[in-house]
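Chain letters run A, B, ... following the sequence lines, proteins first and then strands; every chain starts at 1.
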Amino acid sequence: MAIKLYNTKFRKRVEFIPINESDVRMYVCGPTVYDRAHLGNARPVIVFDTLFRLLRYIYGLDHVTYARNFTDVDDKINATALARQQAGALGTLEDLIAERSDETIKWYLEDMAALGALEPTKMPRATQYVTQMIEMIEDLIAKGNAYEIEGHALFRVRSYPEYGSLSGRSVDDMIAGARVEVVPYKEDPMDFVLWKPSSDDQPGWNSPWGHGRPGWHIECSAMALDLLGGEFDIHGGGNDLMFPHHENEAAQSTCAGHEFANVWMHNEMLQVEGKKMSKSLGNFFTVRDLLKQGVAGEVIRLVFLMTHYRKPMDWTDAKRVEAHKMLNDWFVVLRKHGYSPKTVDKLKASGDWVADIELMGVLSNDLNTPGALARMHVLAKARTASGLVPLAHALEMLGLVSDWNVLDASSSQDDRMPDWVPVVIDRLIAERGAARASKDWGEADRLRDLLNTAGVQVTDVAGTASWLLGSGFNPVVLEGLK
RNA sequence: GGCGAGUUGGCGGAGUGGUUACGCAGCGGAUUGCAAAUCCGUGUAUAUCGGUUCGAUUCCGAUACUCGCCUCCA
C-alpha cells in the first residue's frame, strides 16, 4: 500500500518511498522537560504516534524506528532546581536538575500513554549526547560553517545558501523585518548559537570553547545523526518549530555533510474554544488536568483525530462530548454483537483480525484521520459480529482502545459514582417496575423523571429497564434517598 | 513590516475539474402505556468578486475576515 505524505520541503503531497523498507526511520522533536505537558504538547505526539502505527502496519512491527528526544538542557529546568536548592533541598545542583528532568519525563510518559501513544523506539536525552554535539560543532567549524567567539560557537548562516528554503523565508527579508536581535559578537545578525558559555550556577560541560552548554538546535541534529544515520525518512514536529528550529537543524546537518530528512512534516497548532491557549487568557491546561476531570485519554485522542493534522485544531467542550458519544456508540455496537476481550483474542489468533482496505487507503492519504473516522461510522453499520471486525481493528489501530476490557464494563463511569448510587438507582428502578406492572403510569413517570433529573438515563427494552449515567450526572439529586 | 496557512450545511469535519462524504443536532416514520434507546427515511453548505474551462467547491488572481510564525511559547 502506498502512503502519501505532505512534505513541507516541497509544499505538496508526495508518495512516501522509504530509504530502506526494513528500517523506516522517523525523528520527532520531543518536549523540553520542565513541567507537565499541556494539551498543545499532545498534538504532535498523537499525530506522529498515528503515523508510527500506520508505518508499523505497512512495513511491519519491527521495521520502523521512531526517535523522539527529551530536551533536558533548559533554563526553566535549571530555575526549578535552583529554587529547590534555595528552599533547602539536598544534593548538588546537577542532582536536582536531573531529579527535575526525571520526574517530568515520568509524568510525560504517563500522560502520553493515557492518550494511547506508544513509546517511541528511541527516547534520547540531550544531556547524553553532548559529546556528539561537540563533535558536530567542531566539524562545522573545520568546514567553515561555524566560528568561535567569546566562548560561543555560532553557525554562519551566510555560508549555507539554502538557508530559509524549508520555512520559505529569505535571510534578507527577515533582516528587513527588523525583528532580528543584533548582538555585537555575531558576524551576522542571523547567526545562531551552537554552543554558549555557562555561568557558575548553570550546568555545563567542558568543550574546546570553554565551559558551557549546547544550543537548542544542535541537540536534534546530533541525536538524529547518532540514532538514525545521516539520512533518514521523516522528520516531524509542530509547525511553530519550522522556523527557526527545523531550518537550523537542516542547515547544520546538511553543512556537516548529511542528507538529513527526506520528508518534513508539520502539524498545525491547537486552540481552545477558538483562541490560542495561553496563560494570560486563562485557558491554559495540561493533559493531566483533563484526565483528572475524568475525561478518558481515548476521548481526548479521538478529539484530536477528528481534525486533520495540517489544520488548526480547536479543543472545545462540545467536541469532547461528541467524541465521548462517538466512542461509546462504537463500544455499544461491539458489545451488542457479543464482543468481549476474549472474542478479540480469538479473532486475532484465528487470523480473522483484518483491517478495512478502504479505511487504510484513506488513512494513507496524508494521515486523513477524519476520513478514517467517517469510514468507521460506515463500518459500524455492519449487522454481524464478523462484519464488525474492521471497526474493532480500526479502533485498536488508531490507538482508541488500549485495553479491550472496556467491553466488559457495562455502565462504566465508575470514578464519579459513589457506592451508594447504584443501590439507590436500582431501588428506584424496581419501584418504577412495580408501578408499571400495576399500570400506575403517573408514579412510574415521576420516578423516571427523578432519575433523569439526576442525569441517569433509563431505557426499557422488552419490558425490563436498564440505566446509564448520562453526561450531566449529578448525584446530589439522589442524595436524600440514600 | 516580512512570510505562511485557512474560510464547506445549525454545529463538527473530509474528499473531489462534472448528482458535495461522514457524525451530531433538526424534521418525518417504525417501535413504546408515554418516553428514552434503537432502526428506517429526510432538508439545508463549498466567504466575496473576477479569470481559465464545455463545466470550478476543486486550478489561477484579487478582496474581506480568521489564525500561525518571525520573540527558545508545541
Side-chain angles (χ1 to χ4, degrees), chain A residues 8 11 28-32 34 37-45 47 71 73-76 164 167-181 190 192-193 215-217 219 236-245 247-248 266-271 274-280 284 302-303 305-308 310-314 316 318-319 321-323 325-326 329-330 332-333 336 362 365-366 368-381 383 435-437 439-442 444-445 448-449 451-452 456-463 465-468 470:
Chain A
T8 304
R11 313 264 156 189
V28 173
C29 293
T32 300
Y34 66 92
H38 66 246
L39 194 63
N41 296 117
R43 193 160 193 205
V45 174
V47 165
T71 296
V73 180
D74 179 77
D75 289 342
K76 293 194 200 88
S167 54
R169 294 153 201 258
S170 86
V171 174
D172 294 327
D173 284 350
M174 282 186 276
I175 292 171
R179 299 251 181 149
V180 180
E181 186 192 8
M190 288 306 295
F192 58 87
V193 169
W216 175 36
H217 315 299
E219 296 175 7
N239 76 351
D240 56 326
L241 297 181
M242 200 156 84
F243 188 90
H245 186 52
E247 193 70 59
N248 292 356
H266 292 96
N267 62 272
E268 253 291 352
M269 299 292 101
L270 172 100
Q271 293 176 271
K275 299 214 164 120
K276 175 171 173 155
M277 183 166 79
S278 71
K279 287 181 178 167
S280 58
F284 183 95
L302 182 51
V303 171
L305 297 183
M306 281 162 64
T307 302
H308 186 84
R310 280 193 290 110
K311 290 207 170 174
M313 184 207 125
D314 201 11
T316 63
K319 272 194 201 171
V321 171
E322 187 181 346
K325 176 173 163 47
M326 211 186 271
D329 285 353
W330 284 330
V332 166
V333 170
K336 211 164 89 181
V362 170
N365 182 14
D366 197 29
N368 183 1
T369 52
L373 295 172
R375 179 65 186 159
M376 284 164 74
H377 288 298
V378 176
L379 295 174
K381 288 188 166 59
R383 287 285 161 271
R436 291 180 72 208
K439 296 198 191 301
D440 183 355
W441 307 127
D445 291 350
R448 186 175 61 202
D449 288 345
L451 286 164
N452 286 349
V456 180
Q457 183 192 89
V458 182
T459 304
D460 297 328
V461 177
S466 61
W467 56 272
L468 280 174

Inset, instruction - Starting at atom CG of Leu302(A), determine the distance to atom C1' of C22(B), rounded to an integer number of angstrom. - result: 13 Å
Legend entry - Nearest-0.5 Å distance that lies between atom CG in Leu379(A) and atom CH2 in Trp330(A): 9.5 Å
Legend entry - Sugar-phosphate, base or nothing in reach of Leu270(A), heavy atoms under 4.0 Å: base
Inset, instruction - Measure the distance from CE on Met277(A) to C1' on G68(B) and round it to the nearest whole Å. - result: 15 Å
Inset, instruction - Would you mind classifying the nucleic acid contact of Arg169(A) as base, sugar-phosphate or nothing, using non-hydrogen atoms under 4.0 angstrom? - result: base
Inset, instruction - Specify the closest pair of heavy atoms between Asn267(A) and Val47(A), including all atoms of both residues, with the distance to one decimal. - result: CB-CG2, 4.2 Å
Legend entry - Separation of atom CE in Met376(A) from atom P in G13(B), rounded to whole Å: 18 Å
Inset, instruction - For the side chain of Lys325(A), starting at C-beta, report the closest nucleotide among A37(B), C69(B), A25(B). - result: A25(B)
Legend entry - Under 3.5 Å on both distances, the Watson-Crick or G-U partner of C59(B): G51(B)
Legend entry - Non-hydrogen side-chain atoms of Glu268(A) and Arg43(A) separated by less than 4.5 Å: yes
Inset, instruction - Just call it for Phe192(A): base, sugar-phosphate, or nothing, with non-hydrogen atoms closer than 4.0 Å on any strand. - result: nothing
Legend entry - Asp460(A) versus Ala465(A), closest heavy-atom pair with distance: OD1-CB, 3.2 Å
Legend entry - Watson-Crick or G-U counterpart of G10(B), or none if no pair lies under 3.5 Å: C24(B)
Inset, instruction - Scan Asp460(A) against the nucleic acid and name what it touches under 4.0 Å (heavy atoms): base, sugar-phosphate only, or nothing. - result: base
Legend entry - Candidate nucleotides C39(B), G33(B), A74(B), ranked by approach to the side chain of Arg383(A) - the nearest: C39(B)
Inset, instruction - Tell me what Met306(A) touches on the nucleic acid: a base, only sugar-phosphate, or nothing, going by heavy atoms under 4.0 Å. - result: sugar-phosphate
Inset, instruction - Scan His38(A) against the nucleic acid and name what it touches under 4.0 Å (heavy atoms): base, sugar-phosphate only, or nothing. - result: base
Inset, instruction - Considering only atom P, compute the distance from U38(B) to A25(B) and round it to an integer number of Å. - result: 9 Å
Inset, instruction - Mark yes or no for a side-chain to base donor-acceptor pair under 3.5 Å between Arg448(A) and A35(B), with no hydrogen or angle criteria applied. - result: yes
Legend entry - Nucleotide nearest Thr459(A) when distance is taken to its side chain, options A74(B), C24(B), A36(B): A36(B)
Inset, instruction - Could you state the atom-to-atom distance from NE2 of His266(A) to C1' of A5(B) in whole Å? - result: 13 Å
Inset, instruction - Compare side-chain N and O positions of Lys381(A) against OP1 and OP2 of G23(B) and report whether any pair is under 4.0 Å apart. - result: yes
Legend entry - C1' gap between A62(B) and U52(B), integer Å: 15 Å
Inset, instruction - Rounded off to whole Å, could you give me the NE2-to-P distance for the His308(A) and U16(B) pair? - result: 11 Å
Inset, instruction - Looking only at side-chain atoms of Glu268(A), point me to the closest of A5(B), A35(B), C24(B). - result: A5(B)
Legend entry - Minimum side-chain heavy-atom gap His38(A)-Leu270(A) below 4.5 Å: no
Legend entry - Sugar-phosphate, base or nothing in reach of Arg375(A), heavy atoms under 4.0 Å: nothing
Inset, instruction - Taking only the side-chain heavy atoms of Met326(A) (C-beta and beyond), determine which of A74(B), G23(B), A35(B) contains the nearest atom. - result: G23(B)
Inset, instruction - Using whole Å, report how far CG of Asp240(A) lies from C1' of G4(B). - result: 13 Å
Inset, instruction - Among C67(B), G23(B), A74(B), find the nucleotide with the atom closest to the side chain of Gln271(A). - result: C67(B)
Legend entry - Met306(A) and Met326(A), any side-chain heavy atoms less than 4.5 Å apart: yes
Legend entry - Of Pro44(A) and Ser167(A), the one whose closest RNA chain B nucleotide lies more 5': Ser167(A)
Inset, instruction - Quick one: look up who U32(B) pairs with, Watson-Crick or G-U, both distances under 3.5 Å, and put none if it's unpaired. - result: none
Legend entry - Atom C1', compared across C3(B) and U8(B): separation rounded to whole Å: 27 Å
Inset, instruction - Consider the side chain of Ala444(A), meaning its heavy atoms from C-beta on, and name the nucleotide among G68(B), G23(B), G33(B) that approaches it most closely. - result: G33(B)
Legend entry - Rounded distance in Å between the P positions of U58(B) and U16(B): 13 Å
Inset, instruction - Kindly point out which of C24(B), A74(B), G6(B) is positioned nearest to the side chain of Lys311(A)? - result: G6(B)
Legend entry - Rounded P spacing from A21(B) to U57(B) in Å: 15 Å
Inset, instruction - Considering only atom P, compute the distance from C39(B) to G10(B) and round it to an integer number of Å. - result: 26 Å
Legend entry - pair Met242(A)-Thr8(A): side-chain heavy atoms closer than 4.5 Å: yes
Legend entry - Nucleotide nearest Thr307(A) (side chain, heavy atoms from C-beta), chosen from G33(B), G13(B), G15(B): G13(B)
Inset, instruction - Once you apply the 3.5 Å cut-off to both distances, tell me the Watson-Crick or G-U wobble partner of U71(B), or none. - result: none
Legend entry - Pairwise C1' distance, C22(B) and A45(B) [rounded to whole Å]: 15 Å
Legend entry - Watson-Crick/G-U partner (both atom distances under 3.5 Å) of U19(B): none
Inset, instruction - Indicate, with a heavy-atom threshold strictly under 4.0 Å, whether Asp445(A) touches base, sugar-phosphate, or nothing. - result: base
Legend entry - Nearest atoms (heavy-atom pairs only) where Leu241(A) meets Cys29(A): CD1-CB, 3.7 Å
Inset, instruction - Under 4.0 Å between any heavy atoms, over every strand shown, what does Gly168(A) touch: base, sugar-phosphate, or nothing? Just pick one. - result: sugar-phosphate
Inset, instruction - Return the 5'-most residue of the pair Trp216(A), Lys336(A) with respect to RNA chain B, ranking by each residue's nearest nucleotide. - result: Lys336(A)
Inset, instruction - Can you tell me, in whole Å, how much space there is between the C1' of U71(B) and that of A56(B)? - result: 42 Å
Legend entry - Rounded distance (nearest 0.5 Å) linking atom CD of Gln271(A) with atom CE of Met313(A): 9.5 Å
Inset, instruction - Check every atom of A37(B), G33(B), G12(B) against the side chain of Gln457(A) and return the nucleotide holding the closest atom. - result: A37(B)
Inset, instruction - Find the distance Met313(A):CE to C11(B):P and express it as a whole number of Å. - result: 19 Å
Legend entry - Integer-rounded Å distance: C69(B) C1' and Met269(A) CE: 9 Å
Inset, instruction - Describe the nucleic acid contact of Lys276(A) in one word from base, sugar-phosphate, nothing, applying a heavy-atom distance below 4.0 Å. - result: base
